[in-house]
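Right, one structure below, let's go through it.
Nothing here was measured: the structure is a model prediction, and the numbers come from that model. For this chain, numbers begin at 1 and follow the sequence in order.
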Amino acid sequence: VSRQVQNFARGEIARLFPEETKADITGLTALNLTIMDLLVSTQIWSMITSLAIIFLMIALKGRSIAEGVISILPLTASLVINFGIMGFAGIPVDISTATIASIAIGIGVDYTLHFMERYRIMRRTLDAKDAVVVTMRTTGKGIVFNAVAVAGGFLALAASSIRGNIYMGSLMAVIM
C-alpha cells in the first residue's frame with residue numbers, strides 16, 4: 001500500500017508541477033520502503049551466494065558436481081516453499097521474515113553434510129539404492145527427529161503477540 005501511495009504521489013507531482021520542478025518523497029514511509037527494497041535485494045544475493053558456496057564445498061569435498069547439485073536441491077526446495085507460502089499467505093518480507101532463509105540454509109546445510117557423509121561411507125560397501133536406504137534409516141532418522149524438535153521450538157514463537165515472531169516461528173516450523 002505504501003508503494004502505491006508513493007507511486008500515486010509521484011504521478012501527481014509530475015502532473016501538477018512544471019517539468020523543471022524537482023520534488024522527492026521523504027519521511028518514515030519512504031525510508032522503510034528503501035530499507036525493505038535493500039533487504040530483499042541483499043537477501044536474494046545472500047541466498048544465491050550461500051547456495052553457490054555450499055554447492056562448491058560439497059562438490060569439491062565429494063569430487064562430484066552431481067553431489068553438489070543433489071546437496072543444494074533440498075535447501076533450494078525449502079526456500080521456494082517458504083517464499084511460496086509467504087506469497088500465498090500475504091506475509092510481507094520484513095526484518096523477521098527475511099532472516100528465515102539464512103537460518104534455514106544454516107540448519108539445512110548441517111543436515112545435508114551429515115546425510116552426505118553417511119551416504120558416502122555407505123557407498124563404500126553398498127550400491128547407491130541400498131546406501132540411501134541405510135542412510136535414511138540411520139542418519140536420516142536422526143535428521144528427521146532433530147528437524148521436528150527444532151520445528152517445535154520455533155513453533156513456540158507462534159504463540160507470541162508480536163506479528164513478526166508469529167510469522168518467523170510458523171514459517172521456520174514449516175521449513176524444518
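Criterion: ILVMFWY side-chain heavy atoms under 4.5 Å apart, direct or through other members. Under it, I81 and I91 are part of a common hydrophobic cluster. Side-chain heavy atoms closer than 4.5 Å link hydrophobic residues (I, L, V, M, F, W, Y) into clusters, and following such links, possibly through other members, connects V69 to V109. Residue M86 is grouped with residue I48 when hydrophobic side chains (ILVMFWY) are merged at heavy-atom distances under 4.5 angstrom, including chains of intermediate members. Note: the hydrophobic cluster containing I166 does not contain M172 (ILVMFWY, side chain heavy atoms under 4.5 Å, direct or indirect links). Placement of L73 and I53 in two distinct hydrophobic clusters is found when ILVMFWY residues are connected by side-chain heavy-atom separations under 4.5 Å, directly or transitively.
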Distance-only criterion, 3.5 Å: show the donor-acceptor pairs between side-chain atoms of residues 156-163 and protein atoms not counting sequence neighbours.
{"residue": "S160", "atom": "OG", "partner": "I162", "partner atom": "N", "Å": "2.9"}
{"residue": "S160", "atom": "OG", "partner": "N165", "partner atom": "ND2", "Å": "3.4"}

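A distance of 11.0 Å separates CG in L51 from OG in S71, rounded to the nearest 0.5 Å. Atom CD1 of residue I85 and atom CG of residue L171 lie 6.5 Å apart, to the nearest 0.5 angstrom. Here the CE-CD1 distance, from M176 to I143, works out to 12.0 Å after rounding to the nearest 0.5 Å. In this structure, CD1 on I107 lies 9.0 Å from CD1 on I175, to the nearest 0.5 angstrom. Atom CD1 in I44 sits 8.0 Å away from atom CZ in F83 (nearest 0.5 Å). Note that CD1 of I13 and CG of D24 are 7.5 Å apart. Values are rounded to the nearest 0.5 Å.
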- Take T138 and M122, measure what side chain to side chain contact (heavy atoms under 4.5 Å, CB included) needs, and give me the verdict at the end. CA-CA 11 Å; T138 56; M122 293 296 97; 5.9 Å; no

- Message: Applying side chain to side chain contact (heavy atoms under 4.5 Å, CB included) to I70 and Y119, what does each step give before you reach the verdict?
- Response: CA-CA 12 Å; I70 290 168; Y119 172 78; over 6 Å; no

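In plain terms, the two heavy atoms of T97 and P92 that are nearest each other are OG1-O, 2.8 Å. L79 and A104 get closest at one heavy-atom pair: CD2-CB, 4.4 Å. The minimum heavy-atom distance between A30 and Q6, with the atom names listed, is CA-NE2, 3.0 Å. Pairing each heavy atom of A173 with each of L155, the nearest pair is CB-CD1, 3.8 Å. Here the shortest heavy-atom pairing between M168 and I100 reads CA-CD1, 3.9 Å.
For the salt bridge (charged side-chain N to carboxylate O under 4.0 Å, His left out) condition, the pairs that include at least one residue of residues 117-134, sequence neighbours left out, are K61-E117, E67-R120, E117-R120.
In this view, S64 satisfies the side chain to side chain donor-acceptor pair (under 3.5 Å) rule with no residue, not counting sequence neighbours.
Residues F17 and E12 form no side-chain contact, since every pair of their non-hydrogen atoms from C-beta on lies 4.5 Å or further apart. Counting heavy atoms from C-beta outward, V5 and T29 have side chains that stay 4.5 Å or more apart.
Residue I25 places its CD1 atom among more than 12 non-hydrogen atoms of other residues, nucleotides or ligands, all under 6.0 Å distant.
Checking side-chain atoms of S46 against main-chain N and O of T42 turns up no donor-acceptor pair under 3.5 Å. Judged by distance alone, with hydrogens and angles left aside, the side-chain atoms of T139 form no donor-acceptor pair with the main-chain N or O of T135 at under 3.5 Å. S170 places no side-chain N or O within 3.5 Å of a backbone atom of Y167 that could act as its donor or acceptor partner. The backbone N or O of I72 sits nowhere less than 3.5 Å from a side-chain atom of T112 that would complete a donor-acceptor pair.
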